[in-house]
Amino acid sequence: MAAPRMAPPSEMSRRLTFLFALAAGAAIGNLYWAQPLLGFIAGDLRAATATAGWLVTATQVGYAVGVLLLVPLGDVLDRRRFVPVMLLTSAAALLLCALAPSIGVLLLALGVLGVTTISGQVLTPLAGDLTGDAHRGRIVGAVGSGTLTGILASRTISGFVAGAAGWRTIFALAAVVAVLLAVLLYRAIPPLAPRTRMPYPALIASVGAVVMRERAARWTLVLAAIGFAAFSLVWTALTFLLSGPPFRYPVPVIGLFGLAGLAGVLAVQHAGRLHDRGWSLPATGVAWVLALGAFVVAAFAGRSVVLVVIVIIVIDVALQAQALLNRARLFALSHEARSRLNTALATGNFIGAAIGSAAATTLWSAGGWTAVTITGTALCCFALTVWALGRRGPLVIRSAVTERDVTQEPIRQPGQRHPSASCGLAPPRRPAHND
């Protein structure tokens, strides 16, 4: 039997990009279907509201496990089969959620759903593999916009469907969507040879090894984690701000503020183009300056809903843009380990978000909105310090190439810069050893 061919970079068409974005959004949406429905679920299953609150925790913990233990398999398995299998498995978990007779069964089903709904984290590096260097930022940004849209839309869709047809219906519909996407992706993804081959224990251990081997990866992961900590900090505290004086908005009105996050969707796509044009590291610095300015203004915006909306939009644009730029530069580090690098990135982001959310609750009790904005300002200053120290050295990602790429690199005249130099990518290095 002939070995599967390696897909050339030109195979990431607009239709396939849209399908990847749609699938990534649907997958991440599975983590949030239950969030606005806890009261409905608790009443229907005769459970305490506090017990129902564990449903969200079970999904998030399961997702963290899936990212750590399953996403690295994208480097050693044929993703044309791996992604549909994960979608079908999550469809089975969604169906179990829809049929759950008790809160205990639902907790178990949502935990399994979290573990298996990692398709978006596999599709994103796959999009990078199927795209040439000149367009990777734009394509990864488009798939990332699908993820953000899924996060924003899932809560709203869930609430509307549950109000019209009951909370179980949303899980049943999501199961049908997962099956359809599995079929479409199996037909659309080109046959792909595994990037590398190694035993599973060595694969999981190599996630840390890849990060420790490359200083640029470690610095980039630090920036990314700070960004998610700041993002989670402000969005968690926003609920406290809007539900208390002077606003006292009801929950449905507070939910509408999430629409400001749509600006982040647009920012991700434009940030991808900036990366492709060679402005990745400078644009990262600009994004953090914008975030810093927004947090400073936010300290004085606690009584003006107009200023709050403006601040949230600017923070969302800045932090989502820098997140995409970090991911795009990280994907340039290695052709063979993109899924493992994405695992490290997603894990760091998850930790940063958890810290930011927990800090928001503590800070609100200690000093309210002012304490939150001062902490956000400090995080931006710390990130800008990391960026300033690393932009001419530790944060520069060296383009990963094969020996064939090195031998075929065109000869440049003396003094001519490598085309990747201005985007935070150093000229390709000759590999010291085979990964």
Side-chain angles (χ1 to χ4, degrees), residues 9 12 75 121 124-145 147 207 210-228 231 267-291 318-349 352 383-401 405 417-429 435:
M12 201 65 192
D75 285 333
Q121 296 296 343
T124 305
L126 175 56
D129 289 346
L130 292 173
T131 309
D133 292 341
H135 303 288
R136 183 170 293 119
R138 178 176 60 83
I139 296 298
V140 171
V143 177
S145 69
T147 300
V207 174
V210 169
V211 172
M212 294 306 297
R213 187 176 63 217
E214 296 289 350
R215 182 176 61 164
R218 298 193 295 274
W219 280 63
T220 301
L221 293 175
V222 168
L223 267 187
I226 298 171
F228 269 80
F231 183 81
V268 165
Q269 296 208 41
H270 287 295
R273 291 184 173 90
L274 290 174
H275 173 85
D276 294 337
R277 293 176 182 177
W279 300 337
S280 182
L281 278 177
T284 299
V286 171
W288 277 111
V289 170
L290 281 176
L319 295 182
Q320 294 297 345
Q322 69 86 31
L324 180 277
L325 293 167
N326 287 330
R327 187 187 299 272
R329 289 199 312 276
L330 206 58
F331 282 0
L333 186 61
S334 171
H335 296 314
E336 291 77 18
R338 283 196 180 115
S339 288
R340 281 168 285 170
L341 287 169
N342 199 50
T343 296
L345 181 64
T347 302
N349 291 347
L384 277 168
T385 301
V386 173
W387 172 82
L389 293 174
R391 67 190 183 95
R392 295 192 182 279
L395 278 172
V396 176
I397 302 293
R398 294 185 178 276
S399 299
V401 294
D405 294 327
R417 300 178 68 197
H418 190 276
S420 63
S422 59
C423 68
L425 303 179
R429 52 183 167 84
D435 288 335

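The structure displayed is predicted, hence computed values, not measured ones.
Between the CZ atom of Phe231 and the CD atom of Gln322 there is a distance of 11.0 Å, given to the nearest 0.5 Å. Within the model, atoms CG of Asn342 and CD of Gln121 stand 5.0 Å from one another, a figure rounded to the nearest 0.5 Å.
A 4.5 Å side-chain heavy-atom check between Thr131 and Val140 finds every atom pair outside the cut-off. Side-chain contact between Leu341 and Glu214 is absent, with no heavy-atom pair separated by less than 4.5 Å. Here the side chains of Leu281 and Arg392 are not in contact, with every heavy-atom distance at 4.5 Å or above. Taking 4.5 Å as the limit, some side-chain heavy atom of Leu223 sits within range of a side-chain heavy atom of Leu395.
Across all their heavy atoms, Arg327 and Thr124 have their closest contact at CD-CG2, 3.6 Å. Closest approach of Leu384 and Gly285 over heavy atoms only: CD2-O, 3.8 Å. Contact detail for Ala344 and Val211: the closest heavy-atom pair is CB-CG2, 3.6 Å. Taking each heavy atom of Gly128 and Arg136 in turn, the nearest pair found is O-NE, 3.0 Å. Contact record, Leu274 with Ala283: CD1-CB, 3.9 Å, taken as the closest heavy-atom pair.
Each of Ile226, Leu330, Asn326 was compared with Leu221 under the side-chain contact (heavy atoms from CB on, under 4.5 Å) criterion, and only Leu330 meets it.
No donor-acceptor pair under 3.5 Å is formed between the side chain of Asn349 and the backbone N or O of Phe228.
Residues passing the side chain to side chain donor-acceptor pair (under 3.5 Å) test with Thr220: none are found, sequence neighbours excluded. When the side chain to side chain contact (heavy atoms under 4.5 Å, CB included) test is applied to Ala291, the partners found at least two apart in sequence or on another chain are Trp288, Ala318, Leu319, Cys380. Arg338 is linked by a side chain to side chain donor-acceptor pair (under 3.5 Å) to Asp129, His335, counting only residues two or more places apart in sequence or in another chain.
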From CA spacing to verdict: side-chain hydrogen bond (donor to acceptor under 3.5 Å, both in side chains), Ser334, Arg340: CA-CA 10 Å; Ser334 171; Arg340 281 168 285 170; over 6 Å; no
